[in-house]
Amino acid sequence: MTHLEEELQKLFYQMNDMASLVEGQVEKCISSLLDEDKGLGREVIFNEKRVNAYELKIDKDCENIFTLLNPFAQDMRFVFATLKINYNLERIGDNAEGIAHYVIEAEKGFDKQLLEECRFHEMAETVKLMLNASNRAYSERNAKLARTVFSMDSILDDINRAAADLIAEHIRGNIDNVMQALYLLTIIRKLERIGDHITNIAEEIIFFLEAKVLKHGKKASFMGKEDE
Amino acid sequence: MTHLEEELQKLFYQMNDMASLVEGQVEKCISSLLDEDKGLGREVIFNEKRVNAYELKIDKDCENIFTLLNPFAQDMRFVFATLKINYNLERIGDNAEGIAHYVIEAEKGFDKQLLEECRFHEMAETVKLMLNASNRAYSERNAKLARTVFSMDSILDDINRAAADLIAEHIRGNIDNVMQALYLLTIIRKLERIGDHITNIAEEIIFFLEAKVLKHGKKASFMGKEDE
Amino acid sequence: MQKVKEKIIEAILLICSSITVLTTIGIIIILAIETFQFFKDVSIVEFFTGTEWTPLFANKKFGILPLVSGTLLTTFIAILVALPLGLTIAVYLNEYADKRFKAVIKPLLEVLAAIPTVVYGFFALTFITPILQSFIPSLAGFNALSAGLVMGIMIIPYVSSMSEDALSAVPNSLREAAYGMGSTRLQTAFKVMLPAASSGVIVSVILAISRAIGETMIVAVAAGQEPRLTFNPLNSIETITTYIVQVSMGDVPQNSIEFRSIFAAGITLFGLTFILNNISFWMKRKFVQRYE
Amino acid sequence: MNNARKNEIKDNAFKVFALVCTSVGLIVLGLLLYNIISVGLTRINWDFITNLPSRRPGKAGIYTALLGMIWVVTLTLIISFPIGIGAGVYLEEYGKKNPFAKFIEINIANLAGVPSIIYGILGLELFGRLLALGNSILAASLTLSLLVLPIVIVATREAVKAVPGSLREASYGLGATRWQTISRIVLPASFGSILTGLILAVSRAVGETAPLIVVGALVYVPFAPKTPMDQFTVLPIQIFNWTSRPQSGFVVNAAAAIIILLMFVFILNGFAVFLRNRHNRRVKY
Amino acid sequence: GGGQKANKNAEQPTGVVKIDGSSTVYPISEAVAEEFREHQPDVNVTVGESGTGGGFKKFSRNEIDISDASRPITAEEIDACTQAGVSFIELPIAFDGLAVVVSKQNTFIDHLTVAELKKLWEPAAQGTIKTWDQIRPSFPKEPVKLYGAGTASGTYDYFTEAICGKKGASRGDYTASEDDNVLVKGVSQDKGGLAYFGLAYYEQNQDKLKLIPIDGGSGPVAPSQETVGNGTYQPLSRPIFIYINGKSIERKEVAEFAKFYTEKAGTLAKEIGYVPLNDDEYKLIQERLAKKVTGTVFVKGKSTVGTKMSDLLKIEEGK
Amino acid sequence: MNKLEAKDVNLHYGEKHALKGISMGIKANSVTAFIGPSGCGKSTFLRCFNRMNDLIDNCRVEGEILIDGRDIYKNRINVVDHRKKIGMVFQKPNPFPKSIYENVAYGLRINGISHKKYLDETVEKSLRQAALWDEVKDDLKKSALALSGGQQQRLCIARTLAVEPSVILMDEPASALDPISTAKIEELIHDLKDRYTIVIVTHNMQQAARVSDNTAFFYLGELIEYDETSNIFTNPAKEATQNYVTGRFG
Amino acid sequence: MNKLEAKDVNLHYGEKHALKGISMGIKANSVTAFIGPSGCGKSTFLRCFNRMNDLIDNCRVEGEILIDGRDIYKNRINVVDHRKKIGMVFQKPNPFPKSIYENVAYGLRINGISHKKYLDETVEKSLRQAALWDEVKDDLKKSALALSGGQQQRLCIARTLAVEPSVILMDEPASALDPISTAKIEELIHDLKDRYTIVIVTHNMQQAARVSDNTAFFYLGELIEYDETSNIFTNPAKEATQNYVTGRFG
Ligand SMILES: Nc1ncnc2c1ncn2[C@@H]1O[C@H](COP(=O)(O)OP(=O)(O)OP(=O)(O)O)[C@@H](O)[C@H]1O
Ligand SMILES: Nc1ncnc2c1ncn2[C@@H]1O[C@H](COP(=O)(O)OP(=O)(O)OP(=O)(O)O)[C@@H](O)[C@H]1O
Ligand SMILES: [Mg+2]
Ligand SMILES: [Mg+2]
Ligand SMILES: O=P([O-])([O-])[O-]
């Protein structure tokens with residue numbers, strides 16, 4: 001194995017660790033919300049530092065590999081993709097942490113019915129599925145798996161788009177619960193962002209594996225609808 | 001001038017164009033909101049495609065410069081920083097477009113008093129100032145200017161943090177105006193995101209100029225408070 | 001037009017090179033014709049096996065061996081001197097001596113090869129022989145020893161300079177490699193440099209031998225004119241070249257068998273050197289190929 | 001450590017041995033020069049150089065031998081120079097492909113090693129008899145030309161070969177013809193080395209005795225030659241002649257003549273070394 | 001320079017006289033040429049030494065004007081000349097005496113007979129005669145060391161013919177050199193050494209060498225100008241000649257030179273170490289030259305050993 | 001129309017099939033790099049364009065090589081004239097052992113031009129183009145051999161420019177130079193491409209990446225891939241190219 | 001403790017001050033690259049470590065060079081023995097004109113070792129370490145000159161390893177090789193660094209970047225900057241280094 005390959009492999013392993021870590025963060029923040037487990041939420045906030053550290057490390061490593069080992073072709077695309085995936089994962093971690101903050105902030109557990117109305121469970125499940133798929137797609141170098149993410153993201157979009165109306169409805173019915181509703185809206189928005197980041201990751205994986213740039217071509221169709 | 005320098009300069013010019021474009025987007029979306037000018041909002045949405053195209057172009061150029069010209073030291077940091085600034089600008093553009101969508105979506109002009117209560121004008125002014133500062137810092141290679149951004153970002157944070165309560169208050173008083181309030185909350189959240197992205201840009205400028213990584217060290221302090 | 005000019009020039013140059021071929025052909029034809037005449041009267045077998053060479057005596061015997069032995073004897077003595085000295089000097093200059101020393105000594109030694117051989121003959125006869133006689137009373141006034149020694153001195157530069165050139169042609173990096181591995185100078189010289197330059201060194205020795213065999217004036221002046229099948233260096237002997245000079249200078253009528261005998265001797269000499277030259281030529285070829 | 005010590009001793013022993021070897025050569029050279037100079041130096045004066053040969057050692061001079069030598073050498077140069085360079089250039093520049101050139105190459109390598117006396121025989125028969133030039137300057141020059149031709153050719157070839165192929169390619173690449181390339185690039189670039197080889201060839205010709213004896217230069221010529229068809233003698237033969245004379249005065253003359261001859265040879269060689277060094281310093285590819 | 005030009009314009013001869021041939025005669029011709037140069041500076045005389053045979057060959061081809069010879073012309077050579085239309089004037093010019101010498105340290109040899117010399121030198125002696133006592137029992141058992149002329153020389157031919165009876169009949173195991181100097185040196189340092197060479201070389205090295213008288217049948221005679229000149233030193237003395245091309249003699253410079261040669265031959269031969277003829281004989285020779293008498297006085301193939309010059313010249317007179 | 005065009009070029013050195021059916025077109029005013037492992041035929045192919053292979057015995061070329069649409073092998077064109085239109089720069093700097101001035105003037109002189117003023121002008125122009133004028137303008141009479149390696153190489157380029165070729169072939173022009181000189185040569189190539197069509201053989205992949213617009217990858221005498229340089233190095237179409245540029249080869 | 005340490009080393013070639021007060025420490029089991037423009041003294045400094053400069057007349061060294069804490073210049077150490085501990089690999093592959101086997105065995109033989117089994121084992125081990133064993137194991141008796149350039153260079157490394165040095169000095173070990181061979185040598189260096197302290201001079205900045213842990217930048221005989229390689233190439237402390245690595249030099 002060459003020096004470059006060694007470095008790439010190290011990077012790959014690190015990235016997988018980072019991905020698992022972030023996946024864990026997302027799962028935990030969702031659980032803390034659903035199970036009203038503030039401890040879990042605090043764990044997420046605590047772990048965020050590790051995510052940041054990972055991001056810095058991977059970023060630095062990518063930078064060094066680019067500069068010192070000047071990779072070409074697939075190697076170069078791998079590092080480039082990793083660099084961006086890293087960034088997206090960090091933002092996913094950020095959003096997870098944000099969710100955890102709202103969970104902790106919330107004075108009481110979220111209204112089950114509101115969650116039900118907002119299809120929150122479905123949304124949470126989808127995000128977890130997507131993240132898992134994109135992470136596996138990366139570690140298995142599986143472009144097909146990465147592509148599954150795109151259709152799931154539209155589910156998130158639908159849910160997100162409906163959310164404002166639903167929440168407005170809910171507020172009108174439960175004026176004392178405004179704060180919680182606002183929090184939930186923010187959380188749903190964050191989950192949607194997470195979905196977007198996962199989509200980005202999937203695009204980068206496909207770029208790395210197939211050298212196709214999907215970014216704004218495909219994304220444009222999601223984007224326009226993002227928050228319509 | 002060497003080939004590399006030529007390419008770096010081209011990249012620099014492009015980046016400046018991109019920055020002006022995005023700055024324009026942000027200004028316009030804010031104006032469209034304040035002046036209730038949906039035409040401007042539509043322009044922003046229309047321009048978003050240009051921003052995306054710019055981002056792709058610059059991203060590709062950075063990739064090519066890394067791969068083909070293997071820059072070292074400051075050159076390398078410049079390209080790296082540009083790469084990330086590019087990403088952040090694109091997201092700022094995204095957020096600006098998102099704001100424009102909400103402005104267009106809103107059935108009537110935003111309640112002046114609500115805006116006043118939320119310190120929306122101040123927030124909008126600060127974002128514009130920050131973006132202008134970071135863009136000038138980049139084009140003038142001025143780290144000091146870049147640093148001014150950080151303190152302004154805390155203003156945004158304060159406003160954002162207070163927003164949920166203020167809006168909840170407003171909803172309680174104007175139950176019929178729930179939808180608009182929710183939109184405004186989302187818009188404020190978006191402006192806060194824009195501020196974050198500008199901060200990132202400033203960090204990258206400092207990294208490029210002084211080879212100091214500020215990212216999570218400094219940022220961590222903002223982050224924890226983000227949405228407390 | 002330009003093409004024609006180019007062709008003409010090529011033709012002229014070709015003619016120039018062909019002159020060398022004509023020279024060889026000339027040598028061979030001239031030697032061969034007269035030798036052919038010669039062998040009409042003398043049996044080839046006798047020529048190559050006879051042990052007496054007395055073409056100018058009444059009782060003519062045409063056995064070339066005494067001349068050959070004389071030639072080989074002086075050559076052998078010369079090589080005995082030149083090989084160890086020359087090689088040692090070459091190694092020394094290449095490995096031990098500092099640059100300035102080498103820059104002075106090498107051309108100085110090359111002077112030895114530039115001195116006209118008649119001078120060496122004079123020197124051998126009037127200087128070396130008397131000195132040797134004071135050690136070796138039985139030494140004849142003309143003898144193979146002193147001629148051979150002086151000839152050896154003369155060809156030292158052939159061995160030393162050419163071997164040194166061969167050693168110098170060995171890339172310096174090889175030497176550095178040897179030192180880098182902890183070799184002493186002696187080990188470097190004999191275990192690395194000499195083997196690397198071996199073909200060049202061998203070529204130099206062969207050429208020196210060939211030169212010694214063909215050398216004329218030293219032996220003509222100092223080794224005597226006594227064709228004798230002996231390997232005793234104290235004796236006076238005669239070499240092939242001396243014989244040719246002797247006859248050329250003397251009163252021998254041309255067209256006689258005596259006169260023709262110089263062609264037979266000449267062709268023998270030619271043959272001897274021809275073989276050696278060919279060997280060295282092929283070795284040199286190999287040498288060149290290996291290093292480029 | 002023991003091993004290292006042993007190696008060191010061997011190393012130093014060899015060094016001493018080698019110095020002795022080097023000295024042997026130099027001492028002999030010194031003795032030779034001393035011997036000759038001590039005998040001959042007093043004899044050298046202007047008269048010695050300008051006098052005609054004589055049977056009286058005190059009156060005898062080397063005038064005719066010296067002029068004969070200059071004639072022969074000059075003529076040899078004139079004959080062998082163009083032919084040798086032409087042949088050398090042909091073999092290096094044109095002859096790479098054909099088998100004939102390869103044959104010539106082997107042939108030249110052999111000719112270079114043919115004993116000079118054989119050339120004498122060739123000269124005697126070919127120029128002396130067949131072309132009926134007798135023992136004239138021309139016959140001798142032709143003989144010596146053939147003798148030094150291989151030297152000139154080899155020197156030319158080496159010199160031409162040392163011109164990097166890339167220079168030729170560069171010239172062709174600029175649209176030069178073959179002869180333009182040779183005459184404007186290759187020959188000027190190699191001229192220094194060719195000249196060096198040429199001078200070495202001349203110095204060889206100066207010292208040659210045996211072939212001229214065979215050609216028949218051992219004659220009494222009491223006048224300076226005026227045409228190439230004149231009879232002549234040369235310095236080495238004059239020396240050889242004097243060394244075989246009974247009167248001891250001639251030994252002194254011989255030594256004196258040797259000094260003159262050596263001066264010639266040394267000057268030529270020194271010039272060659274000078275040229276070579278200068279050339280080496282100047283042209284580095 | 002001007003004076004010389006004037007000379008040229010006057011009837012001074014110019015041109016080249018080419019001499020070639022015997023190495024024995026060479027020193028005389030060379031000396032004559034050298035003297036002649038002072039006499040007629042514009043005539044260039046060259047002297048080669050390609051041997052008597054070689055000389056005659058060139059002579060018969062009209063390549064040279066004068067051929068030096070250490071023996072009379074042979075019948076074949078005459079034929080060659082006749083065929084080429086070359087006539088010649090034959091002029092004896094001096095005697096060549098061979099001296100037999102030993103080292104000064106040698107005290108036991110007082111003289112040698114021709115027979116003893118033959119025993120010493122004949123081919124059969126090679127490898128068998130190793131010590132002096134084999135020659136004469138009274139001699140000590142000193143090893144024999146012989147020195148002689150180079151086998152390609154006229155001297156060698158003459159010595160072997162005179163002593164051993166046949167040209168070239170000689171033992172081979174002796175030190176042969178064209179360089180008589182070397183012979184002198186060799187024999188002078190060698191107690192058992194014996195050498196033969198031209199009388200001239202003895203005379204120049206008298207201090208180192210001891211001359212051996214030779215008994216040719218009428219008692220031992222030591223070679224000297226007299227004994228050689230009057231023919232008593234036998235058989236190791238012989239006449240030497242020059243042959244002048246009959247056509248060349250018509251040329252002024254050749255005629256002048258030939259005349260000069262016959263006038264100076266006596267003194268110069270003596271100076272060089274050969275033995276001059278007597279004055280009468282030189283007179284006869286000059287007359288012969290003046291008359292341009294062509295042809296040889298020698299009967300075909302007859303040996304010159306033991307011939308007296310005046311006799312021969314007289315025979316010619318008689319004709 | 002392509003400036004240079006090869007159509008199914010096959011080349012044999014005696015028995016050895018050194019180039020196998022190579023077809024490619026090279027656009028005017030671009031830099032094209034040939035890369036590939038040692039012995040793959042890069043130099044051989046390059047030398048087809050100015051028929052330098054003619055100088056090698058037993059070298060046989062089949063197929064068409066078109067320059068500006070004219071087949072330089074088929075039509076009985078004058079090779080010598082043709083070469084003037086195609087400049088060539090070699091691996092090792094090879095200035096003639098003449099003065100700087102004479103080096104640049106050589107190409108004109110062999111065409112019989114000796115008009116002093118014109119020569120002077122051309123020499124200056126060429127040296128300027130080769131970015132050497134300022135360094136040597138005061139020493140035009142100095143021997144070219146006294147220049148540093150990098151300067152020599154630029155002189156060789158100036159010499160080539162003097163005969164006003166439209167194409168410049170370069171066979172590893174910087175491989176014998178130190179990094180600073182190499183950078184200068186690369187810059188020069190970059191500057192020259194506006195006016196010349198440049199083809200460069202290089203062993204150094206980074207160099208190909210840096211200087212060229214298009215890159216051709218050769219392997220075992222075949223043209224494996226020919227594309228824009230950025231594609232070759234970021235996204236090669238062929239496995240072999242990918243392996244080569246990522247160093248997973250052999 | 002540093003494996004190699006230079007303390008205020010000054011070196012003169014006659015009048016020329018080639019190294020000016022250089023001090024640096026090199027850690028064991030690391031790869032250190034020396035970079036800098038031509039003639040800046042990289043090779044000269046490298047050769048101080050095995051006293052190869054002793055071979056050059058009029059070369060004067062001042063200061064201390066410590067190896068494992070021992071000054072190799074001051075104490076009257078045996079140079080020949082010392083060199084055995086410091087392997088050296090040169091710019092051009094320079095195998096001895098002997099068989100592959102004898103090349104590797106050379107270092108042992110000159111130490112008087114002739115035990116066949118031991119030699120065999122060491123030769124195999126060294127060739128394996130140099131990643132050459134598989135390619136040559138069937139031709140150990142073949143002349144080393146018959147190997148390709150890259151193989152020759154690995155053979156030279158094997159030859160060096162056979163005498164078990166702890167330090168290996170390499171002076172532009174890949175500059176004469178094609179990219180594939182270069183990559184192999186670089187890999188080898190990477191693999192060897194676990195067991196050896198390697199110092200490499202290189203002209204190729206990318207190479208320094210690829211193979212080394214630390215990089216020293218020399219300029220005009222001075223050590224300008226010495227730091228971790230990634231720092232040198234991403235964030236050099238000195239302006240000169242920055243200019244050199246970004247190609248804005250000279
Ligand atoms: N004159 C020649 N005669 C025979 N074969 C040759 C000749 N020149 C080159 N070859 C062979 O042709 C093939 C291609 O050679 P070429 O020089 O074009 O390769 P290259 O790609 O330039 O290699 P490198 O990178 O080493 O310069 C090689 O296998 C080489 O051995
Ligand atoms: N033997 C020597 N005698 C005199 N000066 C020398 C000698 N060797 C090198 N130099 C000089 O010392 C300086 C340093 O040379 P050195 O070879 O160490 O440079 P380098 O950095 O290795 O260069 P390169 O990259 O060209 O190999 C140079 O200026 C050089 O000219
Ligand atoms: Mg090539
Ligand atoms: Mg160096
Ligand atoms: O930072 P974002 O979540 O807006 O991409």
Side-chain angles (χ1 to χ4, degrees), chain C residues 2 5-6 9-10 12-14 16-17 19-21 23-24 26-27 30-31 84-85 88-89 91-92 96 105 107-109 111-112 114-119 122-123 127 153 156 184-187 207 210 213-214 216-217 221 241 244-245 248-249 262-263 266 269-270 273-274 276-278 281, chain D residues 7-8 10-11 14-15 17-18 21-22 24-26 28-29 31-32 35-36 83 86-87 89-91 94-95 104 106-111 113-118 121-122 125-126 146 149-150 153 177-179 203 207 209-210 213-214 218 236 239-240 243 254 258 261-262 265-266 269 273:
Chain C
Q2 216 170 29
K5 187 178 152 202
E6 294 276 320
I9 288 167
E10 178 167 355
I12 291 172
L13 297 180
L14 175 63
C16 288
S17 2
I19 285 176
T20 62
V21 178
T23 307
T24 308
I27 290 174
I30 280 163
L31 291 177
L85 259 66
T88 307
I89 291 172
V91 166
Y92 179 76
Y96 287 75
I105 295 297
L108 216 55
L109 283 170
V111 166
L112 284 172
I115 292 175
T117 54
V118 64
V119 177
F122 179 75
F123 179 68
F127 192 79
I153 298 288
I156 282 177
T184 62
R185 283 182 296 191
L186 197 65
Q187 285 169 332
L207 285 183
S210 168
I213 286 178
T216 309
M217 294 318 289
V221 174
T241 50
I244 296 172
V245 167
S248 309
M249 284 194 328
I262 69 171
F263 292 90
L269 179 64
F270 183 74
T273 53
F274 182 83
L276 289 172
N277 294 335
N278 262 303
F281 177 78
Chain D
N7 282 337
E8 205 178 312
K10 278 192 214 158
D11 197 51
F14 177 79
K15 186 175 172 182
F17 174 67
C21 286
T22 312
V24 168
L26 295 179
V28 171
L29 179 64
L31 279 178
L32 184 147
N35 183 29
I36 286 162
I83 297 177
V89 166
Y90 178 81
L91 292 177
Y94 292 84
I104 294 179
I106 303 170
N107 179 49
I108 288 172
N110 271 304
L111 275 186
V114 168
S116 56
I117 194 150
I118 302 279
I121 295 178
L122 176 71
E125 291 284 310
L126 186 63
L146 293 188
L149 202 53
I153 293 176
T177 64
R178 199 196 274 265
W179 179 243
S203 108
T209 319
I213 290 177
V214 179
L218 194 57
I239 293 164
F240 182 58
T243 57
I258 285 176
L261 179 61
L262 285 181
V265 171
F266 289 169
N269 276 282
V273 170

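Chain identifiers are assigned alphabetically (A, B, ...) following the order of the sequence lines, protein sequences preceding nucleic acid strands; residue numbering begins at 1 within each chain.
- In this structure, chain C has a heavy atom under 4.5 Å from the side chain of D:Ile36, while its backbone stays farther away.
- Put simply, the side chain of C:Phe123 reaches to within 4.5 Å of the side chain of D:Asn35, judged on heavy atoms.
- In this structure, chain C has heavy atoms under 4.5 Å from both the backbone and the side chain of D:Asn110.
- Of the atoms belonging to D:Val265, it is side-chain heavy atoms, and not backbone ones, that fall under 4.5 Å from chain C.
- Judged purely by atom type and a 3.5 angstrom limit, D:Asn107 uses its side chain to pair as donor or acceptor with the backbone of C:Thr20.
- For D:Ile108, the part lying near chain C is the side chain, with the backbone staying farther off; criterion is any non-hydrogen pair under 4.5 Å.
- The part of C:Ile30 that comes within reach of chain D is its side chain, from C-beta onward, which places non-hydrogen atoms under 4.5 angstrom from that chain.
- Using a 4.5 Å cut-off between heavy atoms, D:Leu261 touches chain C through its side chain atoms alone.
- Of the residues considered (C:Thr184, C:Ile156, C:Ile262), C:Thr184 shows the highest number of contacts with chain D, using heavy-atom pairs under 4.5 Å.
- Contact annotation for C:Ile12: neither backbone nor side-chain heavy atoms come within less than 4.5 Å of a heavy atom of chain D.
- The contact between D:Ile153 and chain C is made entirely by side chain atoms (from C-beta outward), counting heavy-atom distances below 4.5 Å.
- Of the atoms belonging to D:Leu32, heavy atoms from both backbone and side chain fall under 4.5 Å from chain C.
- With a 4.5 angstrom heavy-atom cutoff, D:Thr22 touches chain C via backbone and side-chain atoms both.
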